[in-house]
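Scroll down for the structure; my scribbles are underneath it.
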Amino acid sequence: MTTYGLWLILFACLYTFGLIAAGHVSRKKANRHTGFFVGGRAFNKWIVAFCITGLFSGSTFISIVELSYLSGVSAIWYGVAETTQILIIAFLIIGPFREKLVVTVSGMIGNRYGRSALGIGGAITAFAFPMWSVATAIAFASAVHVFTGVSLTISIAFTALLLYIYLQAGGMWSIAFTQTINIFLFAAMFVIGIVAFLLNPGIDGLLAYATSNPEMFQFGSVGIQIIVAWFGTFLVNVILAQAAFQMALSCKTPEEGQKGLKIASIFGIPFIVLGTLFGISAAIVVPGSTLGLVALPQYLMEVLPAPLVGLFFLGVWACALGWGAPCQFSGATSLGKDVGSALHPTATSDQLITYTKRSLLILTVLMIVFGMLRTEQSAWWNVLAWTMRNSATFAPVVAVLFWKLATKGAVVSSMVTGFLSGIVWYHLGGWLPNEFYLNIHPVWIGMSANIIILVIVTFIQEKGNIKVNLFSTGAKKGYYAFAFSVLLVLTLIAGFHTIYDLGLLGITLFTIIISLFIAIIILIPESKAEEQPVSRQMSM
């Protein structure tokens, strides 16, 4: 083990003890079921801001460092897409979801469509979250491996066990404590990184590199299909971002939650800008690596003394934990609270907390197993997790919010079919992280099937009982949505080869389907037995 590794282990141990202590303090505040799951709905705007910053900006920093090492400044678009998601959640989602007292997305679906939907949605959501957790843990484990020689698998196992120790004590309050502490580590990491940049390569070195490698400073160098995929993924995730909802909806009022999210979007700017700067600096000093997250510690080892390098990567660890902790806890909430309620509908609040704590242990074991299966492929786990969760829950969440006509049978059918469609498509592509069957990302196939089955089964079950809304004031928006879908179809026919070659076929087909879905929601909103509220028309 190198001196750099010794310093990192020392800082990590001190941080570990601090997290465990925070967990014990959190236990006192989590003495009621609402305290455990949503912090007693008592967070202020600053706690929400710290939580969301740790969740999104920490993971974004890790992704941007990797992306900018390989593709340069175009990695900034990943951060712009993530920030757009945060602002949309702040302005459009927090208010309605806070009024519904949402704890989980699967719980929201179950409240409307029954125990079967609750159990299926909760299970799929729960098992997706350890995949996201392990993807970020792999990024941090790369640095630990470089410094200490400890295997990636052991590093991931250590991170997973740490998450379990402090999360099982205080739940959402543990996350609030940890994310607040992480803010200080992030600040220290940024200062140290800026010092490293000024030492080598410095401003002159950066300018010289820009002259010799101009492609690294082109904002479109990563490719239009990748940029579109980033925005598409984050925009779709707006109504499915369960971990973000669980933290933001722990606020005292919707207004506090909105303020916290807006502050978090501002806090995220340094993560985007400096992540890009540090990644490019590593590319200048340590060129030729295929893994930016391995090149970064090698770069810092050449520039800074061991204590500063150890402290910098403690900040990277905080980024990994800032994402992993909410993911593990939110997944455990879906498994313990939602699946537990579906299987045992008479369970008390204390029993549901017990189920959730046990679920944390299950997801911890899964996270370690996932890390052992594909330790070197963080992107693979991200793709699989997005495909599983979004393919099952996207259309049902839209139905909860906007479509009263949807039936329980249709929702359950769409969840199962969407999930299986995405997984089968992934299999047809050979389970590769960056290459997909027919050049279509499996999440677009899964979500498209999710919508189509929901609509078809609903129409079959509600035939003869459908109320059509063709001539009201609100119907005009439905015609606009239908016209947009027709325009996209014509565009697809005219430019099929170009769209296919750019990797945009999947998202184009999904956009056509969701446009038709919007038209159906507006023009065929409910059954004849229900009176159509004006507010539903206006919401679309």
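Below, all heavy atoms of this structure are taken into account, side chains as well, without hydrogens, waters or symmetry copies.
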Any donor and acceptor pair, going by atom type alone, linking the side chain of [X] with main-chain N or O of [Y] inside 3.5 Å?
X	Y	result
Ser391	Met388	no
Tyr299	Ala196	yes
Ser71	Ser68	no
Ser59	Leu55	yes
Gln179	Gly322	yes
Thr125	Gly122	no
Ser359	Gly336	yes

Would you please classify the geometry between the [Y] ring and the [X] ring as parallel, tilted or perpendicular, with 30° and 60° separating the classes?
X	Y	answer
Phe56	Trp323	tilted
Tyr78	Phe234	perpendicular
Phe436	His441	tilted
Phe190	Phe278	tilted

Would you say the side-chain atoms of [X] and [Y] include a donor-acceptor pair closer than 3.5 Å?
X	Y	answer
Ser133	Gln328	yes
Glu302	Asn200	no
Ser334	Ser106	yes

Identify the heavy atoms of [X] and [Y] that sit nearest to each other, and give their distance.
X	Y	result
Asp338	Gly107	OD2-N, 3.2 Å
Gly232	Trp444	C-CH2, 3.9 Å
Phe186	Gly54	CE1-CA, 4.1 Å
Ile266	Pro270	O-CD, 3.7 Å
Phe91	Gln258	O-NE2, 4.4 Å
Met447	Asn390	CG-O, 3.4 Å

Kindly check if the number of other-residue, nucleotide or ligand heavy atoms within 6.0 Å of CG (Leu207) is above 12?
-> yes
Euclidean distance, [Y] [atom2] relative to [X] [atom1], rounded to 0.5 Å:
X	Y	atom1	atom2	value
Met367	Leu360	CE	CG	12.0 Å
Ile423	Leu384	CD1	CG	5.0 Å
Met131	Thr387	CE	OG1	10.0 Å

side-chain contact (heavy atoms from CB on, under 4.5 Å) between Val443 and Phe394, worked out = CA-CA 10 Å; Val443 77; Phe394 177 76; over 6 Å; no
